[in-house]
Number of protein chains: 2
Amino acid sequence: EGVVVRGVSLLGNQSKVTISGVADRPGFAARIFGALSEAHIRVDMIVQNVSHTGVTDVSLTLATEDAKRAEDALRGILQELAPDGDSDEVKIKIAAGVAKLSVVGIGMRSQSGVASRLFSVLAENGVNIQMISTSEILIAVTIDEAEGKLAARVVHDAFGLALDPEKA
Amino acid sequence: EGVVVRGVSLLGNQSKVTISGVADRPGFAARIFGALSEAHIRVDMIVQNVSHTGVTDVSLTLATEDAKRAEDALRGILQELAPDGDSDEVKIKIAAGVAKLSVVGIGMRSQSGVASRLFSVLAENGVNIQMISTSEILIAVTIDEAEGKLAARVVHDAFGLALDPEKA
Ligand SMILES: C[C@@H](O)[C@H](N)C(=O)O
Ligand SMILES: C[C@@H](O)[C@H](N)C(=O)O
């Protein structure tokens with residue numbers, strides 16, 4: 001299918017921050033990232049899936065050393081993110097020990113082939129996929145950092161590639 | 001922060017397919033994309049957020065003309081995706097009329113600034129953000145296709161850019 005996979009990289013020392021119960025109406029994603037931007041917090045991945053019953057989760061990954069500052073910036077606005085503007089239903093959850101594994105390629109528009117191979121290799125090695133975020137040239141997954149080295153090795157082998165540890 | 005936003009593109013005629021209730025254990029993402037790959041279905045975005053109570057949603061976008069074939073490929077394996085391997089809790093939902101708006105840049109690692117501006121511009125114009133998927137060089141959101149032209153115009157203006165309608 002003309003896909004060329006060019007590299008695999010692993011970014012460690014990440015934490016994932018998930019805000020659940022965010023109102024699925026205009027303005028709420030802006031509020032979250034406005035607060036983070038004002039606090040000068042560098043964010044890596046942002047993932048949001050579709051909503052159920054008018055609310056959804058918004059997750060982001062960042063360096064674990066910045067997680068506390070991100071939490072402080074977000075705690076202040078949590079209640080505003082609820083559909084009624086004032087609920088205890090909006091929660092924030094932070095988990096350290098996350099690694100991001102990225103497969104970079106070109107021509108990955110018909111991604112199901114590369115994605116399916118990547119996900120199969122991880123599955124065969126017992127590595128759970130926590131989050132998935134893709135673009136035309138990149139498939140990124142977050143996994144448990146404890147499985148990071150194993151995952152990077154088996155994916156590198158599966159695609160016959162050189163491993164390129166990403167400098168965080 | 002050294003970020004350069006280089007272009008905005010809009011991809012129309014997309015549908016989003018969401019499989020909900022997928023077991024959050026190794027092998028399930030592989031099963032989904034294996035089935036799609038075997039049916040030669042071209043997938044654009046893949047988005048998966050963290051799980052709650054051991055299950056999560058896996059969403060993908062693709063050309064609306066391919067949505068029916070994707071649904072057929074997935075219906076056959078739905079029950080296998082449940083935590084107990086045999087449940088009626090796994091559902092598939094397909095919605096047409098989706099557009100993907102992408103902002104391409106370099107140096108977007110500290111993405112909260114660009115993301116916050118993109119999300120604010122959309123919010124100010126009443127455009128709801130359905131899904132978000134990012135990488136270091138790209139922030140992609142899915143929105144209602146009916147708001148696609150408006151969204152592309154206001155984002156292009158906000159970043160002072162030339163609009164580049166992506167050829168699907
Ligand atoms: C959930 C959040 O992304 C919301 N849909 C918004 O547009 O801001
Ligand atoms: C939900 C799905 O991604 C699962 N965690 C897997 O690894 O296959």
Side-chain angles (χ1 to χ4, degrees), chain A residues 16 18 20 24-34 36-52 56-60 93 95 102 109-113 115-117 119-141, chain B residues 16 18 20 24-34 36-52 56-60 93 95 102 109-113 115-117 119-141:
Chain A
K16 55 184 178 182
T18 299
S20 57
D24 187 19
R25 299 196 304 267
F28 292 83
R31 194 77 187 86
I32 291 168
F33 291 91
L36 291 171
S37 179
E38 276 168 43
H40 305 291
I41 291 167
R42 288 172 34 130
V43 165
D44 188 44
M45 287 167 82
I46 301 171
V47 172
Q48 175 190 305
N49 208 338
V50 298
S51 60
H52 291 283
T56 189
D57 294 353
V58 179
S59 291
L60 53 121
K93 190 165 76 171
S102 305
R109 271 297 291 289
S110 52
Q111 274 182 22
S112 47
S116 120
R117 201 199 298 181
F119 302 157
S120 298
V121 167
L122 293 174
E124 283 154 24
N125 288 279
V127 178
N128 192 47
I129 298 163
Q130 304 170 352
M131 290 159 66
I132 304 171
S133 172
T134 66
S135 71
E136 220 169 297
I137 62 162
L138 189 144
I139 299 177
V141 296
Chain B
K16 56 185 177 183
T18 299
S20 57
D24 187 20
R25 298 198 305 268
F28 292 82
R31 194 79 189 84
I32 290 169
F33 291 91
L36 291 172
S37 179
E38 277 170 41
H40 304 292
I41 291 167
R42 289 174 32 131
V43 165
D44 189 46
M45 288 167 82
I46 302 171
V47 172
Q48 175 189 307
N49 208 337
V50 298
S51 61
H52 291 283
T56 190
D57 294 352
V58 179
S59 291
L60 52 121
K93 190 165 77 172
S102 304
R109 270 299 290 289
S110 51
Q111 274 180 23
S112 47
S116 121
R117 203 201 293 183
F119 302 157
S120 298
V121 167
L122 293 173
E124 282 154 22
N125 288 279
V127 178
N128 192 47
I129 298 162
Q130 302 170 352
M131 292 160 67
I132 304 171
S133 173
T134 66
S135 72
E136 221 169 294
I137 62 162
L138 188 144
I139 299 177
V141 297

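Order of the sequence lines fixes the chain letters, A, B, ..., with proteins taken first and strands second; residue numbering starts at 1 for each chain.
- Here A/Phe28 pairs with nothing under the ring-ring contact (aromatic ring centres under 6.0 Å, His included) rule; sequence neighbours left out.
- For A/Gln130 (side chain) and A/Val141 (main-chain N/O), no donor-acceptor pair under 3.5 Å exists by modelled atom type.
- Legend: residues meeting side chain to side chain donor-acceptor pair (under 3.5 Å) with B/Thr56, ordered by chain and number and at least two apart, are absent.
- A donor-acceptor pair shorter than 3.5 Å can be found between the side chains of B/Ser59 and A/Asn49.
- For the options B/Gly27, B/Ala30, B/Ser20, heavy-atom pairs under 4.5 Å to chain A are most numerous at B/Ala30.
- Between chain A and the options B/Arg31, B/His52, B/Lys16, the largest number of non-hydrogen pairs under 4.5 Å is found for B/His52.
- For A/Ile129, the parts lying under 4.5 angstrom from a heavy atom of chain B are both the backbone and the side chain.
- In this structure, chain B has heavy atoms under 4.5 Å from both the backbone and the side chain of A/Val47.
- Within the 3.5 Å criterion, the main-chain N or O of B/Lys93 finds no donor-acceptor partner in the side chain of B/Thr18.
- In this structure, no portion of A/Ala140 lies under 4.5 Å from any heavy atom of chain B.
- Only the backbone of A/Ser51 comes within less than 4.5 Å of a heavy atom in chain B; its side chain stays farther off.
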